[in-house]
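Below is one structure, written out as structure tokens, with a few remarks after it.
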Amino acid sequence: MIDVTLEHVGKLFGTVKGVDDVHIQIKPGEFFTFLGPSGCGKTTTLRMIAGFYIPSSGRILFGNREVTGLPPHKRNTGMVFQNYALFPHLTVFENIAFGLQVRKKSKAEIKEKVEQAQRLVHLEGYGSRRIDQLSGGQQQRVALARALVIEPQILLLDEPLSNLDAKLREETRLEIKRLQLELGITTIYVTHDQSEAMSMSDRIMVMQGGVVQQIGSPQDIYNKPVNRFVASFIGETNLWEGTVERVEDGEAYVRLTPDTVIRGYCRNASSGNVIRPGSRITVSVRPERIREADAGSADETNTVQGDVVISEFTGVSMNYITETGFGPLKAMFLGQGHNLKASGDRVFLIIPKESVYFLNDGRE
Amino acid sequence: MIDVTLEHVGKLFGTVKGVDDVHIQIKPGEFFTFLGPSGCGKTTTLRMIAGFYIPSSGRILFGNREVTGLPPHKRNTGMVFQNYALFPHLTVFENIAFGLQVRKKSKAEIKEKVEQAQRLVHLEGYGSRRIDQLSGGQQQRVALARALVIEPQILLLDEPLSNLDAKLREETRLEIKRLQLELGITTIYVTHDQSEAMSMSDRIMVMQGGVVQQIGSPQDIYNKPVNRFVASFIGETNLWEGTVERVEDGEAYVRLTPDTVIRGYCRNASSGNVIRPGSRITVSVRPERIREADAGSADETNTVQGDVVISEFTGVSMNYITETGFGPLKAMFLGQGHNLKASGDRVFLIIPKESVYFLNDGRE
Amino acid sequence: SGGGASVQPAEKPAEKPAEKPADPPKPAEAKKLVIYTARDKTVVDEIVPKFKEQNPGVEVEVLTMGAQQVLERVRGEKANPQGDFWWGGTQSMFMTAADEDLLAAYKPTFAGTVPAQYKDGKDRWYGEMLLPEVIMYNPQMLKKEDAPKDWDDLLDPKYKGKILIRGVLASGTMRTIYSAMIFRQGAGDPAKGYEWLKKLDVNTKEYTQDPTNLYLKMARQEGSLSLWNLQDIMIQKETKNQPFDFIYPASGAPILVDGVGIIKGSKNEEIAKKFYEFLFEPKLRSELAEKLFQIPTRSDISKDTLPAWLKGIELKPMELDWATMAAKEKEWMDYWDQNIKGKGAK
Amino acid sequence: MKTPLEPAAPPVNRWTLLTSSRYFIYVLVAPLFLVLLAYVVFPFFQTFVDSFRIQGQFSMQNYAKFFSLKHSANLEALWTSVYISVISVITCAIVGVTMAFLLERYEFPGRKMLTVLAMVPMALPPLIGVLSFTFLYSESGIIPRTLKLWFDLEQVPFSLKGFWGVIMVHTFTMYTYFYMTASTAIKGLDPSLEEAAASLGAGRLYVWRRVILPMLTPAMVASSLLVFMISMASYTAPLIFGIDRTMTMQIYLSRTNGSLDMAATQSTILSIVSILFLLLMRWYQGLRSYQNASKGVSIHRTEVKSALGKYTAMALSTLGVTILLLPILVLVLISFSVDGTWTYQILPPEYTTRHYVELFTDSKTWRPIANSFEMSAIATLGNVLFGVAAAYAMVRLKFKGKFLLDLLIMLPWALPGTVVAVNLISAFSEPSVFSFNQVLIGTFWILPMAYFVRHLPLVFRSTSATLMQMDSSVEEAARNLGATWWYSFRRVVFPMALSGILAGTLLAFVQGIGEFVSSILLFTSRTSPISVEIFQRMYAFDFGTACAYGVLQIVLIVIVLFVTRKMTGGNAGTAI
Ligand SMILES: Nc1ncnc2c1ncn2[C@@H]1O[C@H](COP(=O)(O)OP(=O)(O)OP(=O)(O)O)[C@@H](O)[C@H]1O
Ligand SMILES: Nc1ncnc2c1ncn2[C@@H]1O[C@H](COP(=O)(O)OP(=O)(O)OP(=O)(O)O)[C@@H](O)[C@H]1O
Ligand SMILES: [Mg+2]
Ligand SMILES: [Mg+2]
């Protein structure tokens, strides 16, 4: 159990800014996730923690020990590389065993542990295969097993499940989580899969363009995004701009168009966001919060009408994009009991008051 | 617009069976998806279509022309490789331009098209970067742009979005779909993301261990899986085994345990599955179909009770695993209006009759 | 010698081209002469221009290489010879070549003036010059009086570690000297000869790779004594500024012959013959003796025309039976190589 | 649109039928075999036949004699040759890989210059080159004499002779094979592998032992083969240091004695040993895969290492290069000293520029240089064409007869130069189909051909080592984008393998310029190459001029090396 601290860490590639002023403290045994669009600096940050890049500025500490310039092999981190970085000249078994051999474990122990790791990633019987005889997903699993088997103090996972199918991904995810809890490994995880991030992480750091946007628990980030970027990046959301018309009983009335006013609670606002009549504001509503109105109740609070433009079936749910008077509106319904709408259908939708969230306008 | 036919195609690697007897006809302009667990032979099949592997058995036809042994460069397919296979000695621009240069397009046209492709994958301004100066996701986008820019007759995409964040993935997905519809490109897509497969595909082929399990539309596959494997691989499902007790009014009563009987419609059964009293059968219920019972209505049809073991928040939904008398039961609720349960809570759940699906028992 | 065996397989293809190139070759200009020579540049530059002067319009192409390489080349080109005249090589090499049927027979006009032991019985080669093998020393290290006077003096322990020998097996000259040393102790039973050579081996510091190395090491004082031929010692001493001198062994020296011959199948045989004759002209021989320390084989050159340095030396030959030596050389040298060489030094 | 398509369809089908045939691959590699048939099998066949023929009869007698225990000279020679070769491989590997590591892994001022200088020892002219070692390390050499003076010793403290002398000369002249291929391979190594190993806790040494060196296997195998075979066929070095019981010496003696059949037998056995080594290496290399398997293109390490490491590397590599260059410096020294004056002194007592004046005033000086460059360039061009094609076929294509291809290419490298030359003479002194019905002997073409045949393995080996490292899916991507084989080869394979090809090309070119052993048997007065010219000066004991000539040759080669480096930017292939 060790904590990892990044103090105002930055990294320049020549003149290109990879990461800028990352300042985080990851708690011992925490499961911490880096989330952000492609190219935002996740891998770069991870590589600095692993010791492959020396930060251009700032310090990195493991516990109280400064490791900023410590060579990678002295850090006792296990890393799954985004590009796998498997040893092509070694077999699957030898790849997984590598870290154990470095640690001078006995033959018998190595054999046992490697086989256990192979089972974990469902590669039993692949021990003597060469790396170039594996499928992409199998390679990724070898990379994962290789990092897990050494039970490092700090586990750095760079999109370790991106090439696995949902089933296996879920299983492996649980397994990683179990290991992490059991051994108290501090885990730093990079993923582009939000639901993965949401369900596994203790905390999430959202980055964009090398800059940290928000750090918080999954629920925080989802429900209380600090800005438009986070709101729209984490999960789907509808964003409309409007002007606060009045504030009554802790409820704000926001006019989006001359015809449309949306009501929501003032307390549902990003921090530092003061809701005053007349101020421009952004309204955020998650698609899955939107309900279908019964044909009769067309005049309930926040009921809007729209025309279906795109309807999409995803298995679990139906997604619609509708065109309303105040812009496009995405809505999402579980398949259950819902009768499919087709493109062109008119629908009435309710935006529940408690699901309306206010963001500062213009902040991106 | 060209159709692709695989006639009993198989591929052996030495003695290892990569793919066995794949027999499909992909319609002109169709968006066809290969789905299956890691190592099931998706890439292998794709590579045979692209011409990198010569099938050990069977024939491949593009339209009426047999192409089984045709060299890759004469097939006019565009492929995104699972490992990207970018040209490390060329810049981003040159990588994307490669296929156009082969086709002897004019300088001006190349420039225009490449820039357009760069915009498509959000890599404007990266044209002169070397490939090793890109992040993993950026590399994947270059690979994608390179394949799309040549507007091939057949597009082969091997997990082209696996390293992109949800936002970008969605955008790119729509873009691919648009291109495909606009140009009528026959597209074969490999993905491990089921919702992606579901929402984009005209048809899906589910494979396992090199063998085709089911070919059909997304709805078919989701709602009418032919066997346990497909049912559990595509989306989450609950599977319980039981014995048909009686059949009444087109409804089957299946006893799972001495205490529990589940009712469902006989017509909701996989094809070839005869439901007779006394036959062993597998009951499949999707977690998102399950509803929470009001505390009062504990004796509605198919109401079961369970204790929450794991509760998981994914942003969009809440997932629970509960322990019931007849095995674990997964349920999924949209976050909306749902009050969170914690581990240990007792819940009452309804399994709607119309959501019960019968599978042959034992078939895996 | 053993070379005969390999002649046969190579002979067959020789028949075909005999006619073929005969048809297409360029109009018989025959104004060209290709010489393969083991003579060094100085010699060539001395003689060839003179020949050209006498025979204007003849293009002379001289390819300088080691004698061994001349043999290899002539052998390889047997089917379609590219060279015309072989200028310079040891007696044994010419004998091997003659055995392998690589040389054309030609009886030059001066044939009678060359003693029988210096030419081939079938006129396939003639000795051009004589190479007495003598004791060489470095006067910077050793005073003339301290130098050995005869072969047997070389075995004196005081010369231990002072003698350098040019690698024996690879050198026709050295093989002959060593065989001569054995012969000297009685040809019937080489045991005594072996014994003698064993003692020489004890005193020998090193066997050097080639003449260049021998000179270098002698000059650089790694050793002070060697066995070498008179001509080269004189050339090194007089023209190359090297600290060498020689002692003519009292009991006589083995005198080797360096020969010439016309390559069989030569395309310019007439000119080759001209060159042959030219090379042996008494005037030229005297000049060469003067400038390049060559001792002619021709016995009819008047003593007066010979240079001063030669006059002081009585060329006393060691009594040798060349035929016996040729027959035994391989056996003796193999024995020496395997049982004597390097065994004594330690 | 339709009409032109239809008639076109059937031929496409027939062509498809052909190209998709399992045997099509043989159509592709046939030209390679044809060239080898013409220039290797055809000339060399006679040797093998001769070894079994005595007086026109089939006989194993020569082999019996070779292996008879009674006359152990042959066996002894075989053992010495193998022994020397194995040790040479090891020492060359140590020196070459160390230099490659120091110069490729650390960035410091002057590195680029050193990377080129480290290649220069391969330009050492064969004849005088070996001599310079005597001037340096023998009993009368500069270094022993200096030590003797400094420490006021009775005797020189050491002198290079015997076995270790041979090894020393071999190491100093042949380490470049390892250096060139290893630096190419280190450049092309996927940097993320080292990172992966480090993140698994492996220290630097461990990473070297378990990851880098094994990943360099193709390069090491390539250079081991080259060094082993050339050491087996080495003649001068053993001779100079008094190791004359070697296979090449035995062959030489047999030929001098006129026992051509025995010489053929010895040559055959020599090549069989080399082929066995080839087999061993192929087997070892085949055990594993060395192809970059990372997804995407790995990020290159841009991090500066510790300053200590940097300066140590700088110091060590400068020292290393200096030591390696010493023989050349000695040549320069000799070329400026007055012939015959440098005797017991440590350094030459009298200096002169006479040798250079002689050289530059002689109108005939430049002709041989032009000859050598021209002939070597032609041969190298051929080497690149066929060497790269063969390497490509070897690594990328699947066909039966790979071993045969490998063997035929390596064979001329495994035999002593004299044997190669003699074989070429006998094969091409008559018109044959392979020489387009021309007599090649005595023409300009025979020398380039000899260089071509002999140096083909250099390009072939170093290219195949690089190809083995290269991810093949990149090429597939090019094909998929519609590139024909040739286009993708030109635009993708070639640039990516460039550093390996270049290494082989430089080796072949430089070797071609210095080649002596077969040149001396094949040259004509119009095509006389530098090496023969130097030999002739040595033969006339114009030692200083010979050295001056050698220095001139080296200077020209150094210029070539620097220009090549400039032209390729020095980073060819680093992007692999
Ligand atoms: N060269 C090879 N030699 C032996 N087996 C191989 C080779 N290439 C692939 N395989 C095996 O064939 C099977 C199918 O591989 P394929 O790459 O088609 O899988 P995939 O469906 O693309 O999986 P993934 O989703 O993991 O990429 C795998 O089990 C793999 O191990
Ligand atoms: N060596 C380099 N030289 C210049 N720029 C670089 C280099 N390596 C990375 N970058 C840039 O730094 C930024 C951050 O890269 P990084 O690999 O950390 O992204 P990432 O968040 O991991 O993205 P992805 O999800 O696509 O893997 C990217 O814009 C990338 O282009
Ligand atoms: Mg990344
Ligand atoms: Mg795959």
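Owing to the predicted nature of the structure, the values given are computational and were not obtained by experimental measurement. Worth knowing before you read on, the calculation uses all heavy atoms, side chains too, and leaves out hydrogens, waters and symmetry mates.
Nearest heavy-atom pair, D:Ala477 versus B:Ala85, reported as atom, atom and distance to 0.1 Å: CB-O, 3.5 Å. Closest non-hydrogen pair, D:Val474 versus B:Pro88, comes out as CG1-CD, 4.3 Å.
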Exercise. Go through the steps to decide whether B:His73 and D:Leu481 satisfy the test side-chain contact (heavy atoms from CB on, under 4.5 Å), and finish with yes or no.
Key: CA-CA 7 Å; B:His73 68 279; D:Leu481 291 168; over 6 Å; no
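Both the backbone and the side chain of D:Ala478 come within contact range of chain B, judged by heavy atoms closer than 4.5 Å. Contacts between B:Arg146 and chain D at a heavy-atom distance below 4.5 Å involve backbone atoms as well as side-chain atoms. Interface remark: B:Leu90 contributes side-chain atoms only to the contact with chain D (heavy atom separation under 4.5 Å). Heavy atoms of B:Gln82 lying under 4.5 Å from chain D belong exclusively to its backbone. Heavy atoms closer than 4.5 Å to chain D are found in the side chain of B:Phe81, but not in its backbone.
Looking only at distances, a side-chain donor or acceptor of B:Gln139 sits under 3.5 Å from a matching main-chain atom of D:Val297.
The structure places CZ of B:Arg47 at 7.5 Å from OG of D:Ser473, a figure rounded to the nearest 0.5 Å. Atom NZ of B:Lys74 and atom CZ of D:Arg479 lie 9.0 Å apart (nearest 0.5 Å). Taking CG from D:Asp471 and OH from B:Tyr84, the interatomic distance works out to 13.0 Å, rounded to the nearest 0.5 Å. Note that CG of B:Asp132 and OG of D:Ser192 are 11.5 Å apart. Values are rounded to the nearest 0.5 Å. To the nearest 0.5 Å, atom OH of residue D:Tyr487 and atom CD of residue B:Gln101 are 5.0 Å apart.
Within the 4.5 Å cutoff, side-chain heavy atoms of B:Ser162 are placed close to those of D:Lys295. Two residues are said to be in side-chain contact when any heavy atoms from C-beta on lie closer than 4.5 Å; B:His89 and D:Leu498 fail this criterion.
Heavy-atom contacts from other residues, nucleotides or ligands closer than 6.0 Å to NZ of B:Lys111 number 12 or fewer. Around the CZ atom of D:Phe562, the shell of radius 6.0 Å holds more than 12 heavy atoms that belong to other residues, nucleotides or ligands. Residue B:Glu175 qualifies as enclosed at atom CD: its count of foreign heavy atoms under 6.0 Å is above 12.
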